Amino acid sequence: MAGSNEVNLSESKRVVPLNTWILISNFKLAYNLLRRPDGTFNRHLAEFLDRKVPANANPVEGVFSFDVIIDRSTSLLSRIYRPATGEEALPSIMELEKPVTGDIVPVILFFHGGSFAHSSANSAIYDTLCRRLVGICKAVVVSVNYRRAPENPYPCAYDDGWAALKWVNSRPWLKSEEDSKVHIYMVGDSSGGNIVHNVALKAVESGIEVLGNILLNPMFGGQERTESEKRLDGKYFVTIQDRDWYWRAFLPEGEDRDHAACNPFGPNGKSLVGMKFPKSLVVVAGLDLVQDWQLAYVEGLKKAGQEVKHLYLDKATIGFYLLPNNDHFYTVMDEISNFVSSNYVEDDKFGEIGNGDKCKNWLVLKALIGGWSFGWY
Amino acid sequence: MGPYDSAISTGSSTSSPSSAAKPSDIDGLLAGAGYKVRSTELHQVAQRLERLETVMVNAPSEISQLASDVLHCNPSDIASWVDSMLFEFNPPVSIPSDLSDFSDLTYIDSVVSPAINQTVCNNSWVEHHTPEQQQQELTHQLTVVTAMEEDSGIRLVHMMMTCAESVQRGDLPLAGSLIEEMQALLTRVNTGCGIGKVARYFIDALNRRVFTPQAPCATGWSNENEILYHHFYEACPYLKFAHFTANQAILEAFDGHDCVHVVDFNLMHGLQWPALIQALALRPGGPPLLRLTGIGPPSPDGRDSLREIGLRLAELARSVNVRFAFRGVAASRLEDVKPWMLQVSPKEAVAINSIMQLHRLLGSGPTRVSAIETVLGWIRSLNPKIVTVVEQEANHNQSEFLDRFTEALYYYSTMFDSLEACSLQPEKAVAEIYIQKEICNVLCCEGSARVERHEPLAKWRNRLGAAGFRPLNLGSNAFKQASMLLTLFSAEGYCVEEHDGCLTLGWHSRPLIAASAWQPLLDTVINHNNLL
């Protein structure tokens, strides 16, 4: 049971700004309504409540976005964010996939969070975050709209992530000029962090080079109840009970939380010794109840001789990176920026361009011209 | 203009002027996350969230069931959403199977409707279509586009833009030669699908504009167009979405009224109304007396086609024991209709239903009074309970030709792409003709002949707000109906979204059609703004 019925609300209110508290509490309560005890999910209501934003090929604060279809058979969409270069007032359709300019241009493959069940690439909170990443890392960001549980459990999200990685890796227009290769980093929060790890495993097996993994409050777990889970259960927006629900929704029928997808360094985990695994940056929030599993992940990487930087944020809760109103946010953005080494030097004029009056969605027109071809089949 | 953009910049037009929240009052960070909370109200909202959590903790196992039954509205407004949840969950009551127990509840505010038994509202249309879903085998054509074809596709788009730009500049010789080049290029691409098909229609439209500008390209009120409309209705979900959503809103607005009157601005074959009649028949407490006034063009051959449709609807109503009366109003144009023709009685609850009709009123000559103002004015004077408005979500009314051309290219290519998923013939082929006529009207006609003057939801919000209407929220019931409708279409790619109380249906994240509902404000509250 998640603590007593007396919910200790004032504690969480003291550690985050008020608007953050409202945002995350609103999610928490809405999500409580969506999870059914029988393991099904009220998807209609979830989609109704989720705040979404359209792509916008007009630059806003120096960033423009457009959607692409990566795989029609699974309706796999991704949203691509690029810095506006300031040459043209409005990017025409020819400009959307204009080759990136610069010796080294990082491309971030982004996986949004939501415990495998919630949110989308076009959720407002993640659209905002991706736009920030463009500016901070001077990167192109590709946000993957992966299939979600419980309708699409393991391994759908991983398959979609893998498809997106292959797609990004094969785009001629994403190649850095220095070496004609796509410089890929993978970033994900919560379930997105878990996806980053699992897609990286596939990348290593297949020889696609990923330059770095960044995991923000990644979602891991195990059968055992760890000390942090027991101590923090229900205190800062998250309960053991809801974590269990999401794992049951994602993992295959009959599997427990020691399945490798949930517990990569547990009894069923795979050894990473000797693998050319990407270097990792793992950000752990000190008030996240699954931190013991995240720390175990860091330890697991270290023991396997892999390069990992561990950033522990003492008083941070889940979702601290959603609003730029706390120190942890800025600390992490700086770390991410350093981690993604970048020599992207174009004129730094990311000023506001365009009249902002029209919101063009180029997706289908682009798809019609050439997006139907599946270059990697 | 995307719906999200409008939510931020025109916040004041979506609520009555007295309670308008200026953008500067709203917490900017939460706004970036899609939520509207006044900075001064953060503490209150937080308190209500705490209360809601406490209440929810006390009824854990029933929560998700309650959530399904409740009508959710306007999730961006956290304060009102939390209030509506508090209203539903507290005081805790056991859920009766017969929801008539809720009839004596009072409303928190007029926007939050009482919980309506959703099974009642389930349209029989939905159930009938279920077996079809298995029959409709969607074969995904994995058209492998060769490099040369892809190159030709890009060239076609480029040339079309250049051609449109030369048309705008008045350089018709250049436009003409580009058209010839493009037509030659078309022979080298697959015009049966993809960019080739879209280009074919747009090049055809450019061709008409440049070489035969006087040729008529009317859409709308004619019998031929009724057939095209019907096929478009069958081939893709846009019109069905319009009808379902409007009906749901009308049903909710009519709750508690015994005499109701629906005025349909474009009856066509009356496809929208059987579902509403059946839903009213199943209403707890019994159906009201339903009057339907259908507006449509006069029939050329002496038949009274409006009356024929009315008779069929009357038969249906009789078969489900709904007292029904029909009246047809024949008019060539909507602006020719006068309110007295509708014979609205003050004792009735009135619903005005406009499916893709209001935009036709936007073309007005410099001397005559704007048709849209006139019509919106008399709609207000009828004091309807609800005005349901469905419009294409596009900006096809710009005066600059190139802008219009570009907009139309994106809009209709998206629509054509969605149509690829349809396997019904001849519905699909005829639906394409329907769309083609619309394209021609947008691109080839000017002045009063151009009736397809689509404007995006944000503009309609301003217009209706300035004309003295306030928005009613379309809630989660309507959203769920729409989503369920879509699951019957095996094509995955359609998406329903909610923004500020309105619903849009789109294809692959591009909204194509927007549904909203309105009610006139009381005269004392009106701000006499000028219409745009």
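Only a predicted model underlies this, so the values are computations on that prediction, with no experimental measurement involved. Each chain gets a letter, A, B and so on, in the order the sequences are listed, and its residues count up from 1.
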Flag side-chain contact, heavy atom, 4.5 Å: [X] against [Y]:
X: B/Q65; Y: A/R36; value: no
X: B/H72; Y: A/L33; value: yes
X: A/I69; Y: B/H508; value: yes
X: B/E497; Y: A/F48; value: no

For B/E455, check side-chain hydrogen bond (donor to acceptor under 3.5 Å, both in side chains) against everything at least two apart and list the hits.
B/N397, B/R463
side-chain hydrogen bond (donor to acceptor under 3.5 Å, both in side chains) against A/D160, all qualifying residues, sequence neighbours excluded:
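A/D160: side-chain hydrogen bond (donor to acceptor under 3.5 Å, both in side chains) contacts with A/R147.
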Judged by modelled atom types alone, do A/R51 and B/S76 share a side-chain donor-acceptor pair under 3.5 Å?
yes
In Å and rounded to the nearest 0.5 Å, what is the [atom1] to [atom2] distance from [X] to [Y]?
X: B/D417; Y: A/R72; atom1: CG; atom2: CZ; answer: 4.5 Å
X: A/I22; Y: B/R48; atom1: CD1; atom2: CZ; answer: 10.5 Å
X: A/L18; Y: B/L30; atom1: CG; atom2: CG; answer: 9.0 Å
X: A/K28; Y: B/L52; atom1: NZ; atom2: CG; answer: 10.0 Å
X: B/Y35; Y: A/N26; atom1: OH; atom2: CG; answer: 5.0 Å
X: B/S509; Y: A/R79; atom1: OG; atom2: CZ; answer: 6.0 Å

Smallest heavy-atom separation, A/L45 atom then B/S476 atom, equals CD1-CB, 4.1 Å
Locate the shortest heavy-atom distance separating A/A124 from B/G34; write the atom from each residue and the value.
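Minimum heavy-atom contact is CB-N, 4.0 Å.
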Need one label for [X]: side chain, backbone, both or neither, based on atoms under 4.5 Å from any heavy atom in chain B.
X: A/F27; answer: side chain
X: A/N32; answer: both
X: A/R43; answer: neither

Shorter than 4.5 Å, heavy atoms on both sides: which option in [options] has the most such pairs with chain A?
options: B/S483, B/G506, B/S39; answer: B/S483
options: B/C495, B/G196, B/G475, B/A482; answer: B/G475
options: B/P75, B/A46, B/A67; answer: B/P75

Taking A/L34's backbone N and O only, do any of them form a donor-acceptor pair with B/S64's side chain (distance below 3.5 Å, no angle check)?
no
Please classify the contact between B/L42 and chain A as side chain, backbone, both or neither, with a heavy-atom cut-off of under 4.5 Å.
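Interface part for B/L42: both.
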Determine the sole option in B/M85, B/E50, B/M56 for which the side chain to side chain contact (heavy atoms under 4.5 Å, CB included) test with A/L29 is passed.
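The single option meeting the side chain to side chain contact (heavy atoms under 4.5 Å, CB included) with A/L29 is B/M56.
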Checking side chain to side chain contact (heavy atoms under 4.5 Å, CB included) against B/L29, which of A/L323, A/T20, A/L322 comes through?
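So, applying the side chain to side chain contact (heavy atoms under 4.5 Å, CB included) to B/L29 and each of A/L323, A/T20, A/L322, only A/L323 qualifies.
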Around A/D244, counting heavy atoms of other residues, nucleotides and ligands shown, do more than 12 lie under 6.0 Å from its CG?
yes
Among the options A/N325, A/N19, A/L129, pick out the one with the most heavy-atom pairs lying under 4.5 Å from chain B.
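With the most close heavy-atom pairs to chain B, the winner is A/N19.
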